[in-house]
Visitor: 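Got a structure here, written out as structure tokens. Questions coming.
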Amino acid sequence: MNITSLKKKINSNQKIILFGAGRLGKLALKALQANGLNVYAFYDSSEYKQGEEVCGVKILNLNELSALEKTSIIFITNNYISYVQNFLKKLGFKSIYDCINIFEEIKKIKINQDLNEYDINSIDREISFHKSAIDKSKIENDDSLHLKCIDIVVTEKCSMKCKDCSNLMQYYERPQNSDLDLMFKTLDKFMGCLDSLYEFRVLGGDPFMNKELHKTIEKLKSYKNAQNIVVYTNATIIPKNENFECLKNDKITIEITNYGKGLSRKHSELVELLSSNNIKYRSRPPGDWNACGTLKFYERTEEELQRVFDNCCMSDVTTMMNGVLFRCPFAANATNLKAVPYVEDEVINLNHNITDKDSLKKSIKNFNKSKKPLTACSYCGGRDYNSEIIKPAIQTKKPLGYIKIEK
Ligand code: SF4
Ligand code: SF4
């Protein structure tokens, strides 16, 4: 649904609702308002947001949403597209749309002037992610292989120890840096069969814990089929020498999670350094955390397991660790920690002697298409729209214990 069609279709009794009061919600609101369309309300499943306002527009709770006329026009302003579509259909709504055409409008208006937390790169990235979420099914059906992102784990070391870290850093007793030879060899195989990659996400732990980070960054820069490299940091370490120099590149953005003064101790210094050297960065507070970083076995029926997987926002965040592609960072780290079994059918092991590009491409496509829950999903709290929200970044002094599998 684009703005022109919406203006023609909407009648004076129909309300426009935005499902999701986060960043995409604000972008959609501004785009609609700039075109003279009135948004009646947001809905957001986070209870603490309900009853509040975003840019003067109220956030409804579930009862209020359910009570709306079923002819209301609802735009999904988050990336849980299929989950929200099903949810709204069950409530009886029929006019449900994604926002991709609405976001096209953003390019025509100077929307970023009204949204202090955005720079233009952030807006482009949000929109690309939304588009990728929508395009998933289209991509599945053609011969080319385009991926939204891949997580490259450069170290298991982190300068913080968040007890609910969704990447499970709190469980590593003797964290190690990744083996570069292995990483580069397997990355070449992987990138050799991709038509395009929107974004490498360079992660740890904290990538700056690895003194040889620059070698990985140089390698990633060399891939012409990759558009962006995003380095995630908690702003506790100021990169120096080669680890700093390698960041001066148009493809690179530093994504800073600012946990506040007590934790992100070098935040101001880092921001100052990046700005004065024209290195792109984004700095954000940690936002909502889900209770998904506890390693334990959840007794779930097959149906529940399928639901956990189907609704998970991380199930297509391909993660490369030790030359193996996993469907999500949780599965990668949980397997690496030997907290869940390694299941050959659920990964692509690039360490194997794969020489045929086409069959590797096919395997990666099938791997991404699979709708089968992972073994790791039984050990994971889940990352869905309704997951419990917890306080972020509570620190633990010692690594947390967990049960290791036998083999
Ligand atoms: S969530 Fe905490 S422990 Fe995990 S990588 Fe980020 S800063 Fe480190
Ligand atoms: S293990 Fe399953 S539920 Fe957990 S993040 Fe991965 S795909 Fe999602």
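Nothing here was measured: the structure is a model prediction, and the numbers come from that model. Values reported hereafter were calculated over all heavy atoms of this structure, with side chains retained and with hydrogens, waters and symmetry mates removed. Numbering of ligands and ligand atoms starts at 1, following listing order.
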Visitor: Among all the protein's non-hydrogen atoms, which is closest to atom 2 (Fe) of ligand 1, and how far away is it?
Guide: Cys162 SG, 2.3 Å
Visitor: How far is atom 4 (Fe) of ligand 2 from the closest protein heavy atom, and which atom is that?
Guide: Cys380 SG, 2.3 Å
Visitor: Starting from atom 3 (S) of ligand 2, which protein heavy atom do you reach first, and at what distance in Å?
Guide: Val308 CG1, 3.6 Å
Visitor: So which heavy atom in the protein is nearest atom 6 (Fe) of ligand 1, and how far is it from that ligand atom?
Guide: Tyr259 OH, 3.7 Å
Visitor: Backbone or side chain, does Cys158 get an N/O/S atom under 2.8 Å to atom 8 (Fe) of ligand 1?
Guide: yes
Visitor: Relative to each other, are the rings of Tyr379 and Phe297 parallel, tilted or perpendicular (30° and 60° limits)?
Guide: perpendicular
Visitor: Can you tell me which portion of Cys377 lies within the under-4.0 Å heavy-atom range of ligand 2? Options are side chain, backbone, both, or neither.
Guide: both
Visitor: Hydrogens and angles aside, do Asn234 and Ser159 bring a side-chain donor and acceptor to less than 3.5 Å of each other?
Guide: yes
Visitor: Would you call Asp384 and Arg307 a salt bridge, taking side-chain N to carboxylate O under 4.0 Å as the test?
Guide: no
Visitor: Quick check on contacts: which atoms of ligand 2 are under 4.0 angstrom from a heavy atom of Ala376?
Guide: 1 (S)
Visitor: Contact between Asn368 and Asp316 at the side-chain level, heavy atoms closer than 4.5 Å - yes or no?
Guide: no
Visitor: Looking at Lys221 and Glu218, is there a salt bridge between them, counting it only when a charged N and a carboxylate O are closer than 4.0 Å?
Guide: yes
Visitor: Taking it one step at a time, do Arg327 and Glu346 satisfy salt bridge (Lys or Arg N to Asp or Glu O under 4.0 Å)?
Guide: CA-CA 8 Å; Arg327 276 292 292 261; Glu346 295 177 3; over 6 Å; no
Visitor: What pair of heavy atoms forms the shortest contact from Phe87 to Leu62, and how long is it?
Guide: CZ-CD1, 3.7 Å
Visitor: Classify the contact between Tyr232 and ligand 1 as side chain, backbone, both or neither, using a heavy-atom distance cut-off of under 4.0 Å.
Guide: neither
Visitor: Among all protein heavy atoms in this structure, tell me which lies nearest to atom 7 (S) of ligand 1, with the distance rounded to 0.1 Å.
Guide: Asn234 ND2, 3.5 Å
Visitor: Give the atoms of ligand 2, by number and element, whose distance to some non-hydrogen atom of Cys312 is under 4.0 Å.
Guide: 3 (S), 5 (S), 7 (S), 8 (Fe)
Visitor: Side chains of Asn333 and Tyr171: is there a donor and an acceptor less than 3.5 Å apart?
Guide: no
Visitor: Relative to the heavy atoms of Trp289, which atoms of ligand 1 are at a distance of less than 4.0 Å?
Guide: 1 (S)
Visitor: Which atoms of ligand 2 have any heavy atom of Cys328 under 4.0 Å away?
Guide: 1 (S), 5 (S), 6 (Fe), 7 (S)
